[in-house]
Undergrad: 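One structure, as structure tokens, below. Some questions next.
Read the numbers this way: they start at 1 and go in the same order the structure lists the ligands and their atoms. Not measured: the values here are computed from a predicted model. Residues: numbered from 1 along the sequence shown.
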Amino acid sequence: MGNPKAFLTVPRKEAGYRPVHDRIHDFGEVEQTLNTHDRQEQASRCMDCGVPFCHWACPLGNKDPEWNDALCRGEWEMAYKILKKTNPFPEFTGRICPALCEKACVLYHTTGEAVTNRENECAIAEHAFLEGYVTIEHPNRNGKKVAVVGSGPAGLAAAQELNYMGYEVTVYEKNEAAGGLLRYGIPNFKLNKQVIDRRIRVMEQEGITFHYGEAISSVAMLSQQYDAVVLATGTPTARDLNIPGRSLKGIHLALEMLSQQNRILAGMEFSREELVTAKGKDVLVIGGGDTGSDCIGTAHRQGCKSVTQIEIMPKPPVGHNPNTPWPQWPVILKTTSSHEEGCVRRWNINTLEFVGKDGKVVGVKVQEIDWKPNPDGGRPLMVEKGNPETIKADLVLLAMGFLKPQHPEYAENVFVCGDAASGASLVVRAIASGKKVAMEIDQYINKK
Ligand SMILES: Cc1cc2nc3c(=O)[nH]c(=O)nc-3n(C[C@H](O)[C@H](O)[C@H](O)COP(=O)(O)OP(=O)(O)OC[C@H]3O[C@@H](n4cnc5c(N)ncnc54)[C@H](O)[C@@H]3O)c2cc1C
Ligand code: SF4
């Protein structure tokens, strides 16, 4: 530990976002960076606690105190070496991880100001690419072949681990480029897609083969052609809202807009009929989570007239929630960079009906509700409050999560990971799951 008292004297300092008036006119990353001195000073706040919980909270088991220590002493290469032992893609998690480790940080629990682990992680990863610490490895081949279906964070992590173990890895991806939701879900203002391209170039140079535009329809056939198959196909089915008026024009699943916008930024063109745009429109986002927030930021950049986000659940408390005590994840009010850009947020709102005119949506009839404890002890009961109202909207985006995929019984050499196994989750969990499956495959093949 570089400075044992830094946590007493150095306050938490976040790099913060670019100013709203500047950032809403482009899709560049909103988060800024600290200078080297400040970044190292932030790392010095990590106090090498007797029992650091951040290890445990991070699904990858990242050794935050160890790399923070190297970082605060200016040993950036050492910090990267420690980080890459547990995290194959710190440049992704460093940008978009909700930082489960920070909510487990002893400083968070004592002062409310966790060490800036996520930002430190991103800085270490970026420094590593800049200074050439990210080297190309050429593992010895063991003569066995593995197919990976899906190139989201889970598939990429499995592919990278298996490649390092000596397997010949082929990734099959139905989209035109790699990344899964990193590329076709998460907006560029949170994750610049060149960051994915840069990593894929390294993986290709290390010997992994990528086939794009190939949707695998027969896992059984693949399992006969390869020693093992990784199924990392994510959660393809979004939750829909089948209420009256659903067939009106102007109602879309969130990913229809988000993935199209990312493709436009990658140079793809869409016809007027295909285009899902918020330009000049009153936008209603149904769903109060992160996907909904990404829709808000995208709508702003497309030039919407207004954005409203509604959520059926109650507004979470600010700062601390006694119902989700440590070590549970604190369910507290989250205000993202997109919310800061302007948005009406409402909770306890149920959606009744889409209202249309000439086949197009013009509003959504909603009902304010309350949640009452269930006397039978089950799920709380929904009770109506007041009269229904209509929210004006000519673009409605459904951001209500994804259905957990159901899988048939596969051959014994097929291993499912990431969101495909768990249901919709987080990038860090998908990476951890991909790594775990790679180990299981290695054990399975060695046993055989
Ligand atoms: C809008 C949005 C924003 C998000 N923001 C965040 C965030 O900020 N932080 C965070 O931690 N998490 C975020 N998430 C969640 C995160 O993106 C996912 O948990 C993660 O990407 C799951 O990784 P995965 O590899 O399991 O699946 P995916 O990323 O979904 O990748 C699955 C891949 O499999 C491919 N595929 C599917 N079927 C086939 C087939 N038959 N043949 C070939 N290829 C196939 C798909 O094309 C896709 O590329 C967000 C999710 C969404 C939707
Ligand atoms: S991956 Fe996420 S939880 Fe793990 S150390 Fe990084 S920011 Fe923290």
Undergrad: Sort by chain and number the protein N/O/S atoms that are closer than 2.8 Å to atom 8 (Fe) of ligand 2, and list them.
TA: C101 SG
Undergrad: May I ask you to decide whether K13 forms a salt bridge with E41, counting only side-chain N to carboxylate O separations under 4.0 Å?
TA: no
Undergrad: How would you list all residue pairs meeting side-chain hydrogen bond (donor to acceptor under 3.5 Å, both in side chains) that involve residues 200-216, not counting sequence neighbours?
TA: Y164-E206
Undergrad: What orientation do Y226 and Y172 show, parallel under 30°, tilted 30 to 60°, or perpendicular over 60°?
TA: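 Geometry flag for Y172 against Y226: perpendicular rings.
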Undergrad: Hey, are N87 and E121 close enough side-chain-wise for a donor-acceptor pair under 3.5 Å?
TA: yes
Undergrad: In chain order, what residues pass the ring-ring contact (aromatic ring centres under 6.0 Å, His included) check against W347, with sequence neighbours excluded?
TA: none
Undergrad: Has R263 got its NZ or CZ under 6.0 Å from the middle of the six-membered ring of Y184, at an angle within 45 degrees of the ring axis?
TA: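 That pair qualifies as a cation-pi contact.
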Undergrad: I'd like the residue list for ligand 1, meaning every protein residue with a non-hydrogen atom under 4.0 Å from the ligand.
TA: I96, P98, V149, G150, S151, G152, P153, A154, Y172, E173, K174, N175, G180, L181, G185, I186, K190, E214, A215, I216, A232, T233, G234, L258, T291, D294, F402, G418, D419, S425, L426, V427, A430
Undergrad: Is the shortest side-chain N to carboxylate O distance from R198 to E126 below 4.0 Å?
TA: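 Salt bridge: yes.
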Undergrad: Could K144 and Y167 be counted as a cation-pi pair, given that NZ or CZ must be under 6.0 Å from the ring centre and within 45° of the axis?
TA: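 Geometry flag: not set, cation outside 6.0 Å or 45°.
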Undergrad: With a sphere of 6.0 Å drawn around CD of E256, does it hold more than 12 non-hydrogen atoms of other residues, nucleotides or ligands?
TA: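 Count over threshold, so yes.
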